[in-house]
Amino acid sequence: MNVLLVEDEPRVSDFIDRGLRAENHGVTVAPTGGEGVDLAKTGEFDVIVLDLMLPDMHGYDVCQRLRQDGNHTPILMLTAMDALEDKIKGIKIGADDYLTKPFDFDELLVRIEALARRAHQFAQSSNVLKVADLELDRELLEVKRGGEPIKLTAKELAIVELLMGAPGRVFSRTRILNQVWGYSEDPLTNVVDVYIARLRRKIDTKGREALIETVRGHGYRLKAAS
């Protein structure tokens, strides 16, 4: 897994960082809510562990902003606030789980892995993906927009499936290459950009809302339905 840890207390972040790395998970630490929001936009994370008491903004605000931006990455809130109303509020604004400090690392690990597993299973469970008026039938390998069929090549279809599997999530060129072509580096320099341009001509045709978005410096995403 790739975990984004939004935590300002060095002792806690170091403890979690070392523990997750010992389990062969990748960890990126953001000491402020603003940095957490910016890093989450890259879409490179499977789970976000979010402390509530941050120096620049409350964790509730971070969670709410991510959900409003269409980021569906599972969020585990980490806090010393153990009142039931605090937990309910966190879940209502988009958190997926809630763990109270102090905590046992094994429990944290189990909860993180469960969130990642659940998100992966949900993404793979449906044969039909739909975002706005764009629809992908995974079983029939058909793509339609507004009910009209769109002819795609195998690689174009694979990119569309990747983007539709996580609307609003930003996929870097490296990640698209790895998922669709199996490369860790781009041997053709701009193959991802070329394919994205082709998809735009087929999906975002004149008169229709543009669904494929470029996040400058990060990659591409499919606009989440409002």
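Worth saying up front: this structure is predicted, and the values here are computed from it rather than measured. Each residue takes its place number in the sequence, starting with 1.
- In this structure the side chain of Leu136 never reaches within 4.5 angstrom of the side chain of Val128, judged on heavy atoms.
- Of all heavy-atom pairs between Ala30 and Leu39, the closest is CB-CD1, 3.8 Å.
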Check the pair Asn2 / Val47 against side-chain contact (heavy atoms from CB on, under 4.5 Å), numbers first and verdict last.
CA-CA 7 Å; Asn2 245 345; Val47 175; over 6 Å; no
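- For Asp61 and Arg65, the salt-bridge test fails: no basic side-chain N is under 4.0 Å from an acidic carboxylate O.
- One finds no salt bridge joining Asp96 and Arg118 here, because no Lys/Arg side-chain nitrogen approaches an Asp/Glu carboxylate oxygen to under 4.0 Å.
- Within a 6.0 Å radius of CE in Met57, more than 12 heavy atoms belonging to other residues, nucleotides or ligands are found.
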Could you walk me through whether Thr79 and Lys101 satisfy the side-chain contact (heavy atoms from CB on, under 4.5 Å) test, starting with their C-alpha distance in whole Å, then the side-chain angles of each, then the deciding distance to 0.1 Å, before giving a yes or no?
CA-CA 6 Å; Thr79 178; Lys101 297 177 181 178; 5.9 Å; no
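- The distance from atom CG of Leu134 to atom CD1 of Ile150, rounded to the nearest 0.5 Å, is 6.0 Å.
- Distance check: Asp104 CG to Leu108 CG gives 9.0 Å after rounding to the nearest 0.5 Å.
- Note: the hydrophobic cluster containing Val160 does not contain Val194 (ILVMFWY, side chain heavy atoms under 4.5 Å, direct or indirect links).
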Walk me through whether Val110 and Phe105 qualify under side-chain contact (heavy atoms from CB on, under 4.5 Å).
CA-CA 9 Å; Val110 167; Phe105 177 77; over 6 Å; no
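- Looking at every heavy atom in both residues, Leu4 comes nearest to Gly36 through CD2-O, 3.6 Å.
- Scanning both residues, Val29 and Ser13, for their nearest heavy atoms gives CG1-CB, 4.0 Å.
- By the rule that hydrophobic residues join a cluster once side-chain heavy atoms approach within less than 4.5 Å of another member, Ile203 and Val170 end up as members of separate clusters.
- Contact check on Glu107 versus Arg111 returns a salt bridge, with a Lys/Arg side-chain nitrogen under 4.0 Å from an Asp/Glu carboxylate oxygen.
- A distance-only check finds a donor-acceptor pair linking the side chain of Asp56 to the backbone of Gly34 [under 3.5 Å].
- Side-chain contact between Met53 and His58 is present, with heavy atoms from C-beta onward closer than 4.5 Å.
- Residues Leu141 and Val131 share a single hydrophobic cluster, defined by chaining ILVMFWY side chains whose heavy atoms lie under 4.5 Å apart.
- When side chains are defined from C-beta on, Tyr98 does not count as touching Leu78, because their heavy atoms never get closer than 4.5 Å.
- No side-chain donor-acceptor contact under 3.5 Å links Asp137 to the backbone of Glu142.
- Side chain of Glu23 to main chain of His25: no donor-acceptor pair is present (N/O by atom type, distance under 3.5 Å, no hydrogens or angles).
- The shortest side-chain heavy-atom distance between Asp51 and Val12 does not fall under the 4.5 Å cut-off.
- Asp193 and Tyr220 are linked by a side-chain donor-acceptor pair at a separation below 3.5 angstrom, with hydrogens and angles left out of the test.
- Looking only at side-chain heavy atoms (C-beta outward), Val6 and Thr32 stay at 4.5 Å or farther from each other.
- Around NZ of Lys130, the count of heavy atoms belonging to other residues, nucleotides or ligands within 6.0 Å does not exceed 12.
- To the nearest 0.5 angstrom, Leu76 atom CG is 8.5 Å from Leu50 atom CG.
- Using modelled atom types, no side-chain atom of His218 and backbone atom of Thr42 make a donor-acceptor pair closer than 3.5 Å.
- Environment of NZ in Lys202: crowded, with over 12 heavy atoms of neighbouring residues, nucleotides or ligands closer than 6.0 Å.
- Under the 3.5 Å distance criterion, with hydrogens and angles disregarded, a donor-acceptor pair is assigned to the side chains of Arg200 and Thr214.
- Contact record, Leu5 with Asp17: CD2-N, 4.5 Å, taken as the closest heavy-atom pair.
- Using a 30° and 60° split on the angle between ring planes, Phe103 and Phe15 fall in the tilted class, from 30° to 60°.
- Contact detail for Arg173 and Val192: the closest heavy-atom pair is O-CG2, 3.9 Å.
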Hey, mind stepping through Arg18 and Asp14 against salt bridge (Lys or Arg N to Asp or Glu O under 4.0 Å) and telling me if it holds?
CA-CA 6 Å; Arg18 286 187 289 108; Asp14 184 60; 2.9 Å; yes
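- One hydrophobic cluster holds both Ile196 and Leu162 under the rule that ILVMFWY side chains link at heavy-atom gaps under 4.5 Å.
- Taking the charged nitrogens against the carboxylate oxygens, Glu209 and Arg145 have no contact shorter than 4.0 Å, which rules out a salt bridge.
- Other residues, nucleotides and ligands place no more than 12 heavy atoms under 6.0 Å from the NZ atom of Lys144.
- Looking at Asp69, its side chain never comes within 3.5 Å of a backbone N or O of Asn71 through a donor-acceptor pair.
- Atom CG of Asp46 sits about 11.0 Å away from atom CD of Glu113, to the nearest 0.5 Å.
- Side-chain contact between Leu152 and Ile159: absent, with no pair of heavy atoms (C-beta onward) separated by less than 4.5 Å.
- Note that the CE atom of Met77 and the SG atom of Cys63 stand 4.0 Å from one another [nearest 0.5 Å].
- Put simply, Leu52 and Ile91 are part of two different groups of oily side chains (I, L, V, M, F, W, Y) that touch within less than 4.5 Å, one to the next.
- Crowding of Glu139 atom CD: a count of heavy atoms from other residues, nucleotides or ligands under 6.0 Å not exceeding 12.
- Here the CZ atom belonging to Arg201 is positioned 7.5 Å from the CZ atom belonging to Arg198, to the nearest 0.5 angstrom.
- Each of Ile75, Leu54, Ile93 was compared with Val62 under the side-chain contact (heavy atoms from CB on, under 4.5 Å) criterion, and only Leu54 meets it.
- Side-chain atoms of Pro31 and Glu35, non-hydrogen and from C-beta on, do get closer than 4.5 Å to each other.
- Residues Phe45 and Val27 fail the side-chain proximity criterion, which asks for heavy atoms closer than 4.5 Å.
- Taking the ring centre of Phe171 as origin, the terminal cationic atom of Arg175 falls outside the region bounded by 6.0 Å and 45° from the ring axis.
- A side-chain contact (heavy atoms from CB on, under 4.5 Å) with Val180 holds for exactly one of Lys155, Glu161, Glu156; it is Lys155.
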